[in-house]
Amino acid sequence: MADPRFFDRSGPFTLQALADVAGADLQESAQSDLEISDVAPLDKASTGQITFLDNVRYKDQLTSTKASACILDPKMAGHAPDGVQLLLSKSPYKSYALIAQAFYPATNGEGGISKAAHIAAASIDPSATIEAGAVIMDGATVGAGAYIGANAVIGKNVGIGAHTRIGPNASISHAIIGDHCFIYPGVCIGQDGFGFAIDPAGHVKVPQLGRVIIGDHVEIGANTTVDRGAGPDTEIGSGTWIDNQVQIAHNVKIGRGCVIIAQAGIAGSTVLEDFVVVAAKVGVAGHLKIGMGARIGAMSGVMRDVAPGEEVLGLPAMPAKEFMRQVATIKRMTSKRDKN
Amino acid sequence: MADPRFFDRSGPFTLQALADVAGADLQESAQSDLEISDVAPLDKASTGQITFLDNVRYKDQLTSTKASACILDPKMAGHAPDGVQLLLSKSPYKSYALIAQAFYPATNGEGGISKAAHIAAASIDPSATIEAGAVIMDGATVGAGAYIGANAVIGKNVGIGAHTRIGPNASISHAIIGDHCFIYPGVCIGQDGFGFAIDPAGHVKVPQLGRVIIGDHVEIGANTTVDRGAGPDTEIGSGTWIDNQVQIAHNVKIGRGCVIIAQAGIAGSTVLEDFVVVAAKVGVAGHLKIGMGARIGAMSGVMRDVAPGEEVLGLPAMPAKEFMRQVATIKRMTSKRDKN
Amino acid sequence: MADPRFFDRSGPFTLQALADVAGADLQESAQSDLEISDVAPLDKASTGQITFLDNVRYKDQLTSTKASACILDPKMAGHAPDGVQLLLSKSPYKSYALIAQAFYPATNGEGGISKAAHIAAASIDPSATIEAGAVIMDGATVGAGAYIGANAVIGKNVGIGAHTRIGPNASISHAIIGDHCFIYPGVCIGQDGFGFAIDPAGHVKVPQLGRVIIGDHVEIGANTTVDRGAGPDTEIGSGTWIDNQVQIAHNVKIGRGCVIIAQAGIAGSTVLEDFVVVAAKVGVAGHLKIGMGARIGAMSGVMRDVAPGEEVLGLPAMPAKEFMRQVATIKRMTSKRDKN
């Protein structure tokens with residue numbers, strides 16, 4: 001079970017309640033009123049706990065699990081040991097996620113403003129929680145059920161939506177953030193983009209006059225930076241998940257449901273359409289268009305537009321299959337040379 | 001126009017005043033006393049606003065602009081619609097930057113120390129602004145017109161020059177920072193370099209006894225890290241601009257007027273002469289010398305000295321043209337192999 | 001000498017005392033009671049100071065040094081100028097490190113809690129130092145001689161070991177940190193790993209129910225991020241040194257004595273055995289095993305397991321020698337093509 005010093009567990013729940021939460025079907029023979037007290041991995045689960053099988057690779061762990069219940073694809077039901085109650089789901093991992101959320105619900109605090117927070121003439125919903133050391137400047141708004149972490153800084157007139165969580169030591173300015181977002185510790189949003197006119201006598205700063213506009217249900221990982229626009233806004237669409245230490249430059253437009261993994265960087269004015277996946281440490285050059293559902297492999301450097309649904313890889317990025325062929329070619333040529 | 005919640009606009013200004021600010025010439029026929037109220041892009045500008053054309057690519061937007069005035073190169077003057085007042089400049093983008101600064105002047109606050117700041121025995125100029133939660137330790141000095149953001153931490157005896165701006169949640173120690181610098185949120189300056197003697201019984205820390213010395217008019221982007229020297233100092237020359245999430249290791253010397261773009265890293269003791277450009281995500285190995293005006297392409301890995309003015313690219317970095325030839329060679333060899 | 005505004009020097013020490021500290025032998029003829037007042041590099045040292053020679057490359061600086069004493073390998077003793085007292089050590093750099101620590105001992109403050117710190121119902125050892133603006137939440141424990149920097153945030157029930165130092169603006173949650181660790185400014189430890197079930201209707205968050213467990217004598221560089229486990233813990237073994245802006249994803253297990261250099265990233269569930277060296281900007285994919293003592297060259301992308309002691313390089317990473325051969329092959333093929 002999760003360390004109770006760090007996690008508050010809810011429940012127990014009946015198997016039927018969990019099936020409802022998970023959008024899963026109870027196997028006909030299952031004991032719908034069985035009480036389940038916790039989630040656990042296949043190989044760690046014990047009596048009273050529910051586990052899941054998502055990856056066929058772990059089938060062997062299924063056959064020996066000590067869990068009382070298991071979420072799995074109907075096709076895998078035959079591999080479960082006798083006596084394990086089954087929740088059948090076409091998306092076992094998603095069903096597990098929903099059940100784990102039931103046992104360990106996210107919480108944004110109990111409301112209330114710490115006496116050690118520094119609040120200017122801001123508008124804070126009474127149900128919001130503001131931790132010690134947080135600084136909220138004039139004109140900022142903090143929505144219902146929102147959470148502002150310790151020592152976070154919310155700049156003038158920034159908007160924080162309902163149920164949005166701002167981590168400790170985050171710095172937010174020039175931004176409107178939607179509802180149910182999760183901004184992690186150390187994130188910087190809304191600072192000036194990197195814009196200047198090069199001049200031998202000294203670079204001349206171009207005032208950055210746009211904002212950062214973030215939709216709903218967006219996650220932005222620890223120490224990620226999102227610059228505000230130069231004139232147009234920088235935009236991040238609803239449901240997009242961004243990992244740690246990602247850099248989003250000025251004027252970038254990111255669509256809905258995108259995934260951007262750690263240490264990637266998107267240069268200025270580039271557009272990501274919906275559902276784009278950018279893997280770790282990727283660099284995408286400026287002023288490009290990455291089409292809907294495109295996938296960019298880890299550590300790639302993208303220097304041209306990417307078509308919708310295209311999968312690219314390499315430095316410079318090319319179709320993933322072409323990259324694999326090139327890697328094989330270089331290997332073959334090198335080996336041939338060594339033989340000669 | 002820029003969102004008034006986040007930006008205070010000055011003006012209006014006459015065309016003549018703007019020409020003076022911009023170092024531009026009014027076209028002879030221009031109406032020098034015309035009042036201009038704001039800046040805007042070619043395709044968004046309307047009556048009373050001034051725009052600019054810098055990139056010939058946007059010539060079509062010029063012909064249809066609704067702006068009252070436009071800054072452009074004298075050669076392009078013939079393409080402007082009738083009735084648009086023209087400011088002629090050999091550097092239209094720089095002229096635009098200066099005009100935009102006039103409409104949206106940078107401000108470092110109105111002076112004064114927040115009651116919620118924590119100031120030890122430091123020396124703060126009365127015209128400096130210190131925000132809530134900022135911590136300024138013994139012996140630190142903060143110059144005239146400087147700004148220390150909320151929850152920033154200024155360590156013992158650190159020097160912050162006049163009109164320099166330190167962003168929220170920045171952490172500065174063991175550093176002397178010049179005038180008119182802009183240190184963004186989350187920046188860490190002056191912590192120990194990564195120096196230790198490897199030993200099977202446990203790495204032995206080498207005390208890092210140098211400082212960070214930063215010139216004037218330096219910008220350091222959000223969440224960038226600058227380690228102090230091991231004995232020599234880490235130095236950043238005047239007029240250098242550093243983007244977000246850049247890593248500067250101990251003993252690095254960066255000259256004047258350099259540009260270092262997001263997520264690049266410079267390893268220990270490397271020297272960048274003046275006006276070097278390091279593109280995004282570049283890695284430069286330690287103990288190298290990068291000559292004046294050299295340019296390092298995005299995502300390159302530099303493992304040798306780079307000559308003044310040289311342009312390198314690739315992993316390992318090589319002359320940019322050689323890299324392009326190598327990319328073409330690999331592509332050709334792979335394609336040939338596929339045909340055979 | 002080190003700038004006295006930033007560094008407090010101890011001493012002087014006799015040569016014998018320094019030899020004892022350094023685990024070095026005094027040369028027979030040396031003047032054991034000579035007083036030494038400071039450390040300095042070969043070319044900067046003057047009378048009363050001790051220097052060292054570690055890299056044969058600097059032999060010429062040895063012959064002209066003005067230092068009163070020098071630490072060096074016995075084999076190099078013949079190259080020292082007459083009158084320079086010699087400390088003989090098989091590990092001159094390590095010996096220097098120990099002597100420099102004697103002159104400039106690390107200090108964690110004098111104990112005491114700043115009135116401007118915000119302490120909930122936490123357990124703080126009376127010998128610990130808590131700076132202004134630090135926020136320590138319910139149930140946290142801070143060990144003897146520990147130091148919590150200004151505006152750092154220590155979350156609920158977090159454990160900070162004895163003599164461990166937490167830098168300014170660091171954010172720690174869901175973590176147990178051992179003794180004698182040094183966590184630098186801006187570090188984020190313990191936030192949720194990047195875990196979700198992909199779903200067209202919106203990614204579904206998977207609660208991250210593990211912790212971060214850090215051993216003793218661990219260093220974690222500025223603005224590095226360490227996510228907590230998804231169920232298992234994220235673990236960092238004793239004596240491991242991590243540089244700035246490194247990303248450690250959920251469930252990663254790092255052994256003892258590893259070195260991870262700036263801007264590297266380790267993806268989820270990967271295991272690093274003891275004494276692995278990961279150079280700058282490396283990416284290691286998830287679910288891999290990197291064997292004991294393996295070395296991964298700078299900017300490599302590791303997509304497969306690495307054997308103990310293996311040295312890999314490249315994108316994708318391969319044996320370092322193979323990479324060098326491939327680089328040579330591409331160069332040769334390109335040059336040949338240019339000639340044809």
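The figures here come from the full heavy-atom set of this structure, side chains too, leaving out hydrogens, waters and symmetry mates. Here is how names work: the chains are called A, B, and so on, in the same order as the sequence lines, proteins then strands, and each is numbered from 1.
- Of the listed residues (C:I330, C:N169, C:T224), the one with the most heavy-atom contacts under 4.5 Å to chain A is C:N169.
- Taking the six-membered ring where tryptophan is involved, the planes of C:H174 and A:F6 are tilted, since the angle between them lies from 30° to 60°.
- The CD1 atom of C:I130 lies 10.0 Å from the CD1 atom of C:I166; values are rounded to the nearest 0.5 Å.
- Contact of C:A152 with chain A is made through the backbone alone, with heavy-atom distances under 4.5 Å.
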Problem - Derivation and outcome, salt bridge (Lys or Arg N to Asp or Glu O under 4.0 Å), residues A:K115 and A:E131 - result: CA-CA 9 Å; A:K115 283 179 202 161; A:E131 295 280 10; over 6 Å; no
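- Neither the backbone nor the side chain of A:P41 has a heavy atom closer than 4.5 Å to any heavy atom of chain C.
- Residue A:K44 does not touch chain C at all, counting heavy-atom pairs closer than 4.5 Å.
- For the atom pair C:I176 CD1 and C:E235 CD, the distance stands at 12.5 Å (nearest 0.5 Å).
- Listed by chain and residue number, C:A279 satisfy the side-chain contact (heavy atoms from CB on, under 4.5 Å) test with C:A298 (two or more places apart in sequence, or in another chain).
- In this structure, chain C has heavy atoms under 4.5 Å from both the backbone and the side chain of A:K94.
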Practice task
Please step through salt bridge (Lys or Arg N to Asp or Glu O under 4.0 Å) for the pair A:R256 and A:D274, ending with a clear verdict.
Solution key: CA-CA 5 Å; A:R256 290 176 306 118; A:D274 299 343; 3.0 Å; yes
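- Using a 4.5 Å cut-off between heavy atoms, A:Y93 touches chain C through backbone and side chain atoms alike.
- A salt bridge links C:R211 with C:D233; the closest basic N to acidic carboxylate O contact falls under 4.0 Å.
- The candidate with the highest count of non-hydrogen atom pairs below 4.5 Å against chain A, out of C:A175, C:P232, C:A134, is C:A175.
- Neither the backbone nor the side chain of C:V284 has a heavy atom closer than 4.5 Å to any heavy atom of chain A.
- Between C:F196 and C:F194, the ring-plane angle classifies as perpendicular under the 30° and 60° cut-offs.
- Among the candidates C:G202, C:S173, C:G265, C:G301, the residue making the largest number of heavy-atom pairs closer than 4.5 Å to chain A is C:G265.
- The residue among A:V39, A:D54, A:L315, A:N151 with the most heavy atom pairs within less than 4.5 Å of chain C is A:N151.
- Under the side chain to side chain donor-acceptor pair (under 3.5 Å) rule, C:D192 has a single partner from C:K205, C:H250, C:Q208, which is C:K205.
- In this structure, chain C has a heavy atom under 4.5 Å from the side chain of A:F275, while its backbone stays farther away.
- The aromatic rings of A:H163 and A:H180 sit parallel, their planes meeting at an angle under 30°, below the 60° perpendicular limit.
- Contact of A:A280 with chain C is not made at all, since no heavy-atom distance falls under 4.5 Å.
- For the set A:D3, A:L98, A:N223, A:V259, the entry with the most heavy-atom pairs within less than 4.5 Å of chain C is A:N223.
- When atom types are taken as modelled, the side chain of C:T164 and the backbone of C:Y147 share no donor-acceptor pair closer than 3.5 angstrom.
- When the candidates C:G190, C:G139, C:G210 are compared by the number of heavy-atom contacts under 4.5 Å with chain A, C:G210 comes out ahead.
- Looking at C:A150, neither its backbone nor its side chain comes within 4.5 Å of chain A, counting heavy atoms on both sides.
- With a 4.5 Å cut-off on non-hydrogen atoms, A:Q263 touches chain C through its side chain but not through its backbone.
- Looking at C:V327, there are no atoms closer than 4.5 Å to chain A (heavy atoms on both sides), in backbone or side chain.
- Ranked by non-hydrogen atom pairs under 4.5 Å with chain C, the options A:A2, A:A116, A:G239 are led by A:A116.
- For A:F103 and A:F13, the distance between ring centers is under 6.0 angstrom.
- For C:M299, the part lying under 4.5 angstrom from a heavy atom of chain A is the backbone only.
- Looking at A:I242, the atoms closer than 4.5 Å to chain C (heavy atoms on both sides) all sit in the backbone: N, CA, C or O.
- Chain C forms the most heavy-atom pairs under 4.5 Å with one residue out of A:Q245, A:R5, A:H217, and that residue is A:Q245.
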